[in-house]
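Remember, it's a predicted structure, so these values are computed and weren't measured experimentally. In what follows, chains carry the letters A, B, and so on, assigned in the order in which the sequence lines appear, proteins first and then strands, with residues in each chain numbered from 1.
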Protein chains: 2
Amino acid sequence: MENPDTPAKSGYHHGNLKEALIEAADAIIREKGVEGFSLREAARRAGVSIGAPAHHFGSATGLLTEVALLGYGSLGAALNAVTTSDNAGADLQRLALAYVRFALAYPGRFRLMFRPDLVNRDDPRYAQASTQALSDFAKTIARRDPTADRMAQIFIVWSSIHGIASLALDGKAKYLFDGITPDDFAADILPNLLATAWPFGGNDAA
Amino acid sequence: MENPDTPAKSGYHHGNLKEALIEAADAIIREKGVEGFSLREAARRAGVSIGAPAHHFGSATGLLTEVALLGYGSLGAALNAVTTSDNAGADLQRLALAYVRFALAYPGRFRLMFRPDLVNRDDPRYAQASTQALSDFAKTIARRDPTADRMAQIFIVWSSIHGIASLALDGKAKYLFDGITPDDFAADILPNLLATAWPFGGNDAA
DNA sequence: AGTGCCATCTTAGCGTTGTTCAGATAGTGA
DNA sequence: TCACTATCTGAACAACGCTAAGATGGCACT
C-alpha cells in the first residue's frame, strides 16, 4: 500500500503529502464516487491533519483538479492503447469502445473530469489535458475524411461518443434495453451497437 | 411572484408548502446552479423553518427529484413544440436543436436531471418521465428507418444529441471553435453543425 | 557547528450544511 | 365540543470547507 519512493513520513513532515493526498482523493472517488469525496477524509487517509491540504492545494477544488488531470492522463493512455489499422472507420469504432469502457471502468474519475464546479478550469494544464485527450479522435477523423470541416467533425464524433458514455454510465441504457446493467451493456450490446447503428464506424478503408 | 391559487399562508400552516418549496428549489437552481442549492435556503425562501421540508420530501433528494421531474416535463414540452414535416431527417435535426437549446436555456434543470446522486431514480415517476421525453426521438426514428433495430437507433441518436448538449453546456466547444461562448455556439455554429456534420439529419424524405 | 529562515503541518474556531426529533399549532371529522 | 392528525417549529448533532495563529523541523548560509 505504501509507495516505496516516498521519503517516508518523518513525524511532523510528511515528505510526500501532495502525491499522497492526490492518491487518497482518487481512492475515495473510486470507492464512493465524486459526491463521497471530502477534503477531510483525504487528509485522514494521508495521516495528516485537516488543515494540511490547504497548504498544497488551496482548496478542495485544487486537489480535485489534480485528480481530474490524472483522469485525463489515464483516458489518453486508454485511447493511445487502441490499435490502429488502415481502416479509419474501424479505428474510430475501437476508439469509441475504449472511451466508453474507460468511463465505465473509472466512473469517479470520468464524472469528475466533466464537473466544472469541482475542477479549476482556469488551470492551463486542464485545457492542455483536455485537448490532448482529443488528439486521437482528431487524427483518426482526419484520415477518415480529410476534406470535411475538421473541428465540426471532431466535435460531432466526440459528442456522440461522450453521449454514449454518459448515458451508459448513468444507467440510461436499461430503459431501452430492458433492465440491462452497465457492465453487460459494455460487454455485449455496445460493440454490436457501434458496429451497426453508430454512423462513424463505417467500413471506409483508406 | 405569488401564485394566485395558493391558499395563502395562514400563519402557522403554509397551505401550499410543497409547491412553494419546489418552486423555490427550481429558482435557486436557475440562479446559482445545482451546486448552489441547499435545502435550508429553499426553506428560507418559502418562509418556513429549516425542518419543514423534511415532512413533505423526506430529504433533499426528495425535493430535487420533484424539480428533476419538472425538468423532464419542460424538456418534453420543448421537444413536442418542434414542428414535424414529411422529412424525418430534418425533424431529427430540429429535435436535436431543441434538445441542445433546452440544455443551454435551463442548465440547472438539465444538469440535475442527469445527476443520479441528487435524484431518487427509484421513484417510478422518474423512469416514466425519462422514457416519456424519449418518445419524440423514438417516433421520428421509426419514420426515418423503420427496418433498423429500434432501441439501438434510439440510443445512438439520443446519445449523440445528449453528448452535444453536455459538451456545449460544459463549454467544451470553445476548445474546438476557439473561444466561442455557449450562446454563440447555439445560435451560429450548432444549426450549421447539425445540418452538415451530424449524420442523423440527412435529407431522406419519406 | 551554529543559527536563522521558511516551507510544512497542527490546532482551534467559524459558518454552513442535511438530518432527526420532541413539541407546538391548527385544520378536520366525529 | 373534542379528539385526531397533518403540518410546522426550534434545537440539537455530526460533518463539511475554509481561515488564521502557532508549532515544528529541514536547509542554506555564516
How many Å lie between [atom1] on [X] and [atom2] on [N], as a whole number?
X	N	atom1	atom2	answer
B:L21	D:dC8	CG	C1'	11 Å
A:L118	D:dG17	CG	P	11 Å
A:F37	D:dC16	CZ	P	10 Å
B:L39	C:dT16	CG	P	16 Å
A:E35	C:dG18	CD	P	13 Å
A:L63	D:dC16	CG	P	14 Å
B:F57	D:dT7	CZ	C1'	13 Å
B:L17	C:dA26	CG	C1'	15 Å

Check your understanding: Which part of the nucleic acid does A:A60 contact within heavy-atom distance under 4.0 Å: base, sugar-phosphate only, or nothing?
Key ->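 Since only primed, P, OP1 and OP2 atoms lie under 4.0 Å of A:A60, the category is sugar-phosphate.
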If you only use heavy atoms from C-beta on, which nucleotide in [options] is closest to the side chain of [X]?
X	options	answer
B:S38	C:dT17, C:dT11, D:dT7	C:dT17
A:A54	D:dT19, C:dT19, D:dT9	D:dT19
A:H56	D:dT19, C:dT10, C:dC9	C:dC9
B:R40	D:dA12, D:dT9, D:dC16	D:dA12
B:I50	D:dC8, D:dA12, D:dC18	D:dA12
B:S49	C:dT10, D:dG10, D:dG17	D:dG10

Review point. Can you check whether A:H55 has a side-chain N or O nearer than 4.0 Å to OP1 or OP2 of C:dT8?
Key: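 Yes, A:H55 has a side-chain N/O under 4.0 Å of OP1/OP2 on C:dT8.
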**Study point:** A:R44 vs A:G51, nearer the 5' end of DNA chain D by closest nucleotide
**Key:**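 Looking at DNA chain D, the more 5' nearest nucleotide goes with A:R44.
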Review point. Out of curiosity, B:R101 CZ to B:D183 CG, how far, rounded to the nearest 0.5 Å?
Key: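 Reported value, rounded in 0.5 Å steps: 10.5 Å.
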**Study point:** Donor on one side chain, acceptor on other, A:D91 and A:S85, under 3.5 Å
**Key:**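 The criterion, which ignores hydrogens and geometry beyond distance, is satisfied for A:S85 and A:D91.
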Exercise for review: Check B:L118, B:V34, B:I29 against B:R111 for a side-chain contact (heavy atoms from CB on, under 4.5 Å) and give me the one that passes.
Suggested key: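 Exactly one pass, corresponding to B:V34.
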Practice item. Describe, in one word, how the ring planes of A:F114 and A:H162 are oriented to each other, choosing from parallel (under 30°), tilted (30 to 60°) and perpendicular (over 60°). Key: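 Geometry flag for A:H162 against A:F114: tilted rings.
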Review point. Which word best sums up how the rings of A:F177 and A:F185 line up, parallel for under 30°, tilted for 30 to 60°, or perpendicular for over 60°?
Key: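 Because their plane-to-plane angle lies in the 30° to 60° range, the rings of A:F177 and A:F185 count as tilted.
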